[in-house]
Amino acid sequence: MPELPEVETVRRGLAPHLQGQRLVGARVRQPALRWPVPLDLDARVREQPILSLSRRGKYLLVQLATDWLLVHLGMSGSLRLTDPGIDPGKHDHVDLLLANGPVLRYHDPRRFGAILLTPDPDRHPLLAPLGIEPLSEAFRGEWLYQASRQRRTSIKAFLMDAHTIAGIGNIYANEALFRAGIHPSTMAGRLSRTRCERLAVQIRSTLEAAIAAGGSSLRDFVDGQGNPGYFQQSYFVYGRPGSPCRTCGHAIRIMRQGNRATFYCPECQKR
DNA sequence: AGAACCACCTGGCAGC
DNA sequence: TGCTGCCAGGTGGTTC
């Protein structure tokens, strides 16, 4: 579910409801996420004002007065505001209680996500090694060109490496490569400046279009208010093996890179 | 350096 | 209806 656009959609949806509010505690029903939820979460968030909501790659950062909450949605996580009178469901593992009434409820059937606390996100071992933000000013064709020199890995693996570029997952790597006309197996270090320029532009525009559509509604993705996203309707290749390419009509192909499915059009995407 | 696996975990779905 | 096997948005780690 959650790649950069989905996390950004959640952030934008929650920010107006959380900024300026105050937490009064946390209820942890299932601490066994990817890493254990801190045992002292309740005590450390109690009476803490929420100063800001930001995002780094696929992590949502909630700035409190003395700590930062790091939330990762893993493969199946969601975060939404709900009424405290609504009973938690089977996979509603953590509630963050707001002073003004509602609860921020973390739901994650597969439990690949994480809720962590840190006094200094810049030095946190999960955040510090993250690569460039693909929506930042610095992310341009020339950056992509320089960063990919001497890299013999495939361009798709390169795009999905969070230590190089933060936030691009399987869906948007596939979609951006299609839009840029680049075959996913192309060696990263072999891309010309021109193609790096085109790819950087398409990565940005694909992510921005997905955010504008409210994210992708795979399975049960919902934003902070429980609304679905609509970007899935715009997929060119992801999840469409055998279906006609929306551009040329050839059948979309599927292959495996590592253990991830790669979708591409053999006609529109060149090595 | 990079590719391939594995691990973590649940649920949906196809096929029998 | 029910069982089995496979698949899924992530990602740190190990091994070759």
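Because the structure is predicted, anything quoted here is derived from the model rather than measured.
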**Report entry** Flag side-chain contact, heavy atom, 4.5 Å: Leu177(A) against Leu199(A)
**Finding:** yes
Item checked: Any Ser76(A) side-chain N or O less than 4.0 Å from OP1/OP2 of dG11(B) -> no
Rounded to whole Å, the NE2-P distance (His93(A) to dC8(B)) equals 16 Å
Worksheet item: Is a salt bridge present between Glu133(A) and Arg56(A), judged by a nitrogen-to-oxygen distance below 4.0 Å?
Response: yes
Gln257(A) CD to dG10(C) P, in whole Å, measures 14 Å
Scoring nucleotides 11-16 of chain C by protein non-hydrogen atoms under 4.0 Å (B base, S sugar-phosphate only, - none) yields BS----
- Taking only side-chain nitrogens and oxygens of Arg151(A), does any of them come within less than 4.0 Å of OP1 or OP2 of dA1(B)? no
*asked:* It should be established whether Arg256(A) places a side-chain nitrogen or oxygen under 4.0 Å from OP1 or OP2 of nucleotide dC6(C).
replied: no
- Determine whether Pro102(A) and Gln21(A) make a side-chain contact, defined as any pair of heavy atoms from C-beta on separated by less than 4.5 Å. no
Using a 4.0 Å heavy-atom cut-off across all strands, classify Asn259(A) as base, sugar-phosphate, or nothing.
-> nothing
Tell me whether the rings of Tyr172(A) and Phe231(A) are parallel (<30°), tilted (30 to 60°) or perpendicular (>60°).
tilted
Check whether the aromatic ring of Phe112(A) stacks on the base of dC9(B), taking stacking as ring centres less than 5.5 Å apart and planes within 30° of each other. no
CG of Leu61(A) to OG of Ser54(A), rounded to nearest 0.5 Å, is 4.5 Å
Using only heavy-atom distances, decide whether a donor-acceptor pair under 3.5 angstrom links the side-chain of Arg111(A) to the base of dC9(B). no
What nucleic acid atoms does Ala261(A) come within less than 4.0 Å of, heavy atoms only: base, sugar-phosphate, or nothing? sugar-phosphate
Original post:
For atom P, what is the distance between dC9(B) and dC3(C), given to the nearest Å?
Top reply: 23 Å
Rounded to whole Å, CD of Gln150(A) lies from C1' of dA1(B) at a distance of 12 Å
For Glu197(A) and Arg193(A): C-alpha separation, side-chain torsions, deciding distance, then whether salt bridge (Lys or Arg N to Asp or Glu O under 4.0 Å) applies.
CA-CA 6 Å; Glu197(A) 181 59 41; Arg193(A) 266 203 168 81; over 6 Å; no
Discussion item. Within the 4.5 Å heavy-atom criterion, are Asp92(A) and Gln30(A) side-chain neighbours or not?
Written reply: no
Heavy-atom count check: over 12 atoms from other residues, nucleotides or ligands less than 6.0 Å from Arg149(A) CZ? yes
Dot-bracket assigned to DNA chain C with the 3.5 Å Watson-Crick/G-U criterion, [ ] for crossing and | for other-strand pairs, is .|||||||.|||||||
Take atom CZ of Arg152(A) as the centre, draw a 6.0 Å sphere, and report whether it contains more than 12 heavy atoms from other residues, nucleotides or ligands.
no
Separation of dC7(C) atom P from Tyr238(A) atom OH, nearest Å, is 13 Å
Leu33(A) atom CG is separated from dC9(B) atom C1', nearest whole Å, by 11 Å
Whole-Å distance, Asn170(A) CG to dC7(C) C1', equals 12 Å
Is it true that Ile165(A) and Tyr238(A) fall in one hydrophobic cluster, defined by side-chain heavy atoms closer than 4.5 Å?
yes
From NZ of Lys156(A) across to C1' of dG2(B) the rounded distance in Å is 16 Å
To the nearest angstrom, the CG-C1' distance between Asp108(A) and dG10(C) comes to 11 Å
Query raised in the report: Taking only N and O in the side chain of Lys90(A), is any of them less than 4.0 Å away from OP1 or OP2 of dT10(B)?
Result: no
